[in-house]
Undergrad: 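Before I ask anything, here is the structure I am working with.
The sequence lines fix the lettering, A, B, ..., with proteins before strands; numbering per chain opens at 1.
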Protein chains: 2
Amino acid sequence: MNSAGRRYGRAYEILREAGLRPTRQRLGLARLLFENGDRHVTAEQLQAESTAADMRVSLATIYNTLNQFTQIGLLREVVVEPGRSYFDTNTADHHHFFHEETAKLQDIEGEAIVLGAVPEPPEGTSVERIDIIVRVKNAVN
Amino acid sequence: MNSAGRRYGRAYEILREAGLRPTRQRLGLARLLFENGDRHVTAEQLQAESTAADMRVSLATIYNTLNQFTQIGLLREVVVEPGRSYFDTNTADHHHFFHEETAKLQDIEGEAIVLGAVPEPPEGTSVERIDIIVRVKNAVN
DNA sequence: ACCTGTTTTAAAATCATTCTAAACTATTGA
DNA sequence: TCAATAGTTTAGAATGATTTTAAAACAGGT
């Protein structure tokens, strides 16, 4: 590993192993995404953060990177609203609260939600994934 | 009720009660949507159907109508893919299979899926709705 | 039939996302 | 170390779904 590799930590090798060149922008975005625990970001948000961190990364690259990271299993895409995609840095099996008013996602911890019966998939299909979204709004009290 | 009312059945009064004028296009779309059992349609699909049925309805009206019907509880919006909205004529409490390859939705019947533990919503919020999407793809065999 | 407020419409606008083609950069092997 | 090559990034154009706009058409009451 060279000095860049040391500076960026694990991301460097993860990218190499996935066959993605560890470029400046991919490493920088990886750092923003993974250095602060579990997060849910949109492309726009991530660009705002990279700008704030003095990295100039085009929106096209943000989208490419988010999609590539999703493909190699570093991120998971969560669809809750038409016309906006969230990317979740937590790829473990879990589900979400979605705050309708603030448009914010929040992980539901481990056993807090449990599926009783899982349905038989239709003939000739197999289950790929189960997404549960608990939509919440501010309680009126 | 006038002759138009009779011709379009229940929809006529439902719209009036919701404060929506029972116009030709709203009644026609209601007929397409509700006369053939449970359905999942996109705006484009509904327009194709109305064209096929010799009703000219603009896309803008299709969108307006789908949104209005959703607001008054005649439809339910299901979000499964970024950038495409499905409207479900079944507003009863139920969940969905989503076929990733064909982009088709299918209702999961009644008790086939059961939630064991339902999580406590975050402080100050109340649960609005729970959406479960079981994503399936063609089985490899 | 007439008035007034709704509704519909075509067309333009918007928004998130993807594509394109050219400029740039990482990697490899000499 | 350097050049060749293949993979990346980028600005800007293109796309596709949806919403907005402003004007024309219409529904319901008088």
Side-chain angles (χ1 to χ4, degrees), chain A residues 1-8 11-30 32 40-48 50-51 55-72 75 77-87 103, chain B residues 1-5 7-8 11-30 40-48 50-51 55-72 75 77-87 103:
Chain A
M1 195 196 292
N2 58 24
S3 70
R6 233 170 282 115
R7 196 158 50 247
Y8 288 108
Y12 196 92
E13 283 106 51
I14 293 173
L15 291 178
R16 300 221 108 228
E17 278 156 30
L20 293 175
R21 287 189 181 167
T23 61
R24 207 177 334 99
Q25 21 283 59
R26 292 209 266 238
L27 290 167
L29 293 176
L32 290 175
H40 305 93
V41 289
T42 63
E44 302 268 344
Q45 280 166 21
L46 187 55
Q47 190 182 44
S50 61
T51 302
M55 314 172 39
R56 182 189 274 75
V57 185
S58 72
L59 242 198
T61 296
I62 302 262
Y63 276 107
N64 286 339
T65 303
L66 286 172
N67 288 328
Q68 290 155 350
F69 282 13
T70 301
Q71 273 184 33
I72 67 179
L75 293 175
E77 190 173 4
V78 185
V79 185
V80 273
E81 287 187 308
R84 178 131 68 298
S85 270
Y86 291 81
F87 294 86
Chain B
M1 194 199 289
N2 58 23
S3 72
R7 194 155 54 248
Y8 289 106
Y12 195 92
E13 283 106 53
I14 293 172
L15 291 180
R16 300 223 107 225
E17 276 155 31
L20 293 176
R21 287 189 181 167
T23 62
R24 210 181 327 101
Q25 21 285 51
R26 292 210 266 238
L27 290 167
L29 294 176
H40 305 94
V41 289
T42 64
E44 302 268 343
Q45 280 165 21
L46 186 54
Q47 191 182 45
S50 62
T51 302
M55 310 174 42
R56 182 192 271 77
V57 184
S58 73
L59 243 198
T61 297
I62 303 260
Y63 276 107
N64 286 339
T65 303
L66 287 172
N67 288 329
Q68 290 156 350
F69 282 14
T70 301
Q71 273 184 33
I72 67 178
L75 293 174
E77 190 172 5
V78 185
V79 185
V80 274
E81 288 186 307
R84 175 123 86 289
S85 269
Y86 291 80
F87 294 86

Undergrad: Please determine whether side chain to side chain contact (heavy atoms under 4.5 Å, CB included) holds for the pair B:Gln25 and B:Ile62, giving the CA-CA distance in whole Å, both sets of side-chain angles, and the decisive distance to 0.1 Å.
TA: CA-CA 9 Å; B:Gln25 21 285 51; B:Ile62 303 260; over 6 Å; no
Undergrad: Respond yes when some side-chain nitrogen or oxygen of B:Arg26 is under 4.0 Å from OP1 or OP2 of C:dT8, and no when none is.
TA: yes
Undergrad: What's the closest nucleotide to the B:Arg56 side chain, out of C:dA10, D:dT9, D:dG12?
TA: C:dA10
Undergrad: Look at A:Ser85 and C:dA16 and indicate whether a side-chain polar atom (N or O) is within less than 4.0 Å of OP1 or OP2.
TA: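 No.
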Undergrad: Between C:dT25 and A:Arg24, is there an OP1 or OP2 to side-chain N/O distance shorter than 4.0 Å?
TA: yes
Undergrad: OP1 or OP2 of D:dT10 less than 4.0 angstrom from a side-chain nitrogen or oxygen of A:Gln25, does that happen here?
TA: yes
Undergrad: Would you say A:Arg16 places a side-chain N or O within less than 4.0 Å of OP1 or OP2 belonging to C:dT27?
TA: yes
Undergrad: Could you check how far CZ of B:Arg84 sits from C1' of C:dA16, rounded to whole Å?
TA: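 Taking CZ of B:Arg84 and C1' of C:dA16, I get 15 Å after rounding.
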Undergrad: Which nucleotide in the set D:dC26, C:dT9, D:dA11 lies at the smallest distance from any side-chain heavy atom of B:Asn64?
TA: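 It is C:dT9.
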Undergrad: Where the side chain of B:Asn67 is concerned, which of D:dT19, D:dG28, C:dC19 is the nearest nucleotide?
TA: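 My answer, after comparing the listed nucleotides, is D:dT19.
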Undergrad: What is the distance, to the nearest angstrom, from the CD1 atom on A:Ile62 to the P atom on C:dC15?
TA: 19 Å
Undergrad: Hey, does A:Pro22 reach any base, or is it just sugar-phosphate, or nothing, if we go heavy atoms under 4.0 Å?
TA: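 Answer is sugar-phosphate: A:Pro22 comes under 4.0 Å of backbone atoms only.
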Undergrad: Taking the side chain of A:Leu59 as heavy atoms from C-beta outward, which of C:dT17, C:dT9, D:dA17 is closest to it?
TA: C:dT17
Undergrad: From D:dC26, C:dA26, D:dT18, pick the nucleotide closest to the side chain of B:Ala43?
TA: D:dT18
Undergrad: B:Glu81 has an atom CD; how far is it from atom C1' of C:dA16, in whole Å?
TA: 15 Å
Undergrad: Counting only side-chain nitrogens and oxygens, does B:Thr61 get under 4.0 Å of the OP1 or OP2 atom of C:dT9?
TA: yes
Undergrad: Please give, in whole Å, the distance from C:dT27 C1' to A:Tyr12 OH?
TA: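 Whole-Å distance recorded here is 10 Å.
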Undergrad: Measure across B:Ser50 and B:Leu29 and return the closest heavy-atom pair with its distance rounded to 0.1 Å.
TA: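 Smallest heavy-atom distance, with atoms named: CB-CD2, 4.2 Å.
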Undergrad: Can a donor-acceptor pair be found, under 3.5 Å and without considering hydrogens, that links the side chain of B:Gln47 to the backbone of B:Val57?
TA: yes
Undergrad: What are the two closest heavy atoms between B:Tyr86 and B:Glu81, and how far apart are they?
TA: OH-OE1, 3.8 Å
Undergrad: Over how many whole Å does the gap from A:Gln45 atom CD to C:dT17 atom C1' extend?
TA: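 It works out to 16 Å between those atoms.
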Undergrad: Separation of A:Leu66 atom CG from D:dT9 atom P, in whole Å?
TA: 12 Å
Undergrad: Between C:dC19, D:dG7, D:dA27, which one does the side chain of B:Thr23 approach most closely?
TA: D:dA27
Undergrad: Students often get this wrong, so: under 4.0 angstrom with heavy atoms, is B:Thr42 touching a base, only sugar-phosphate, or nothing?
TA: nothing
Undergrad: Heavy-atom nearest nucleotide on DNA chain D for B:Arg21 versus B:Glu77: which residue maps closer to 5'?
TA: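 With B:Arg21 and B:Glu77 compared, the 5'-side residue is B:Glu77.
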Undergrad: Respond yes when some side-chain nitrogen or oxygen of A:Tyr63 is under 4.0 Å from OP1 or OP2 of C:dT18, and no when none is.
TA: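 No.
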Undergrad: Which pair of heavy atoms, one from A:Gly28 and one from A:Met55, lies closest together, and at what distance?
TA: CA-CE, 3.6 Å
Undergrad: Tell me: CD of A:Gln71 to C1' of C:dT18, nearest whole Å?
TA: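 From A:Gln71 CD to C:dT18 C1': 14 Å.
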Undergrad: Which of these nucleotides, C:dT9, C:dT27, D:dA17, is closest to any side-chain atom of B:Glu44?
TA: D:dA17
Undergrad: So which heavy atom on A:Glu77 is nearest to which on A:Thr70, and how close?
TA: N-CG2, 4.2 Å
Undergrad: What is the distance, rounded to the nearest whole Å, between atom CD of A:Glu13 and atom C1' of C:dA26?
TA: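 In whole Å, C:dA26 C1' lies 16 Å from A:Glu13 CD.
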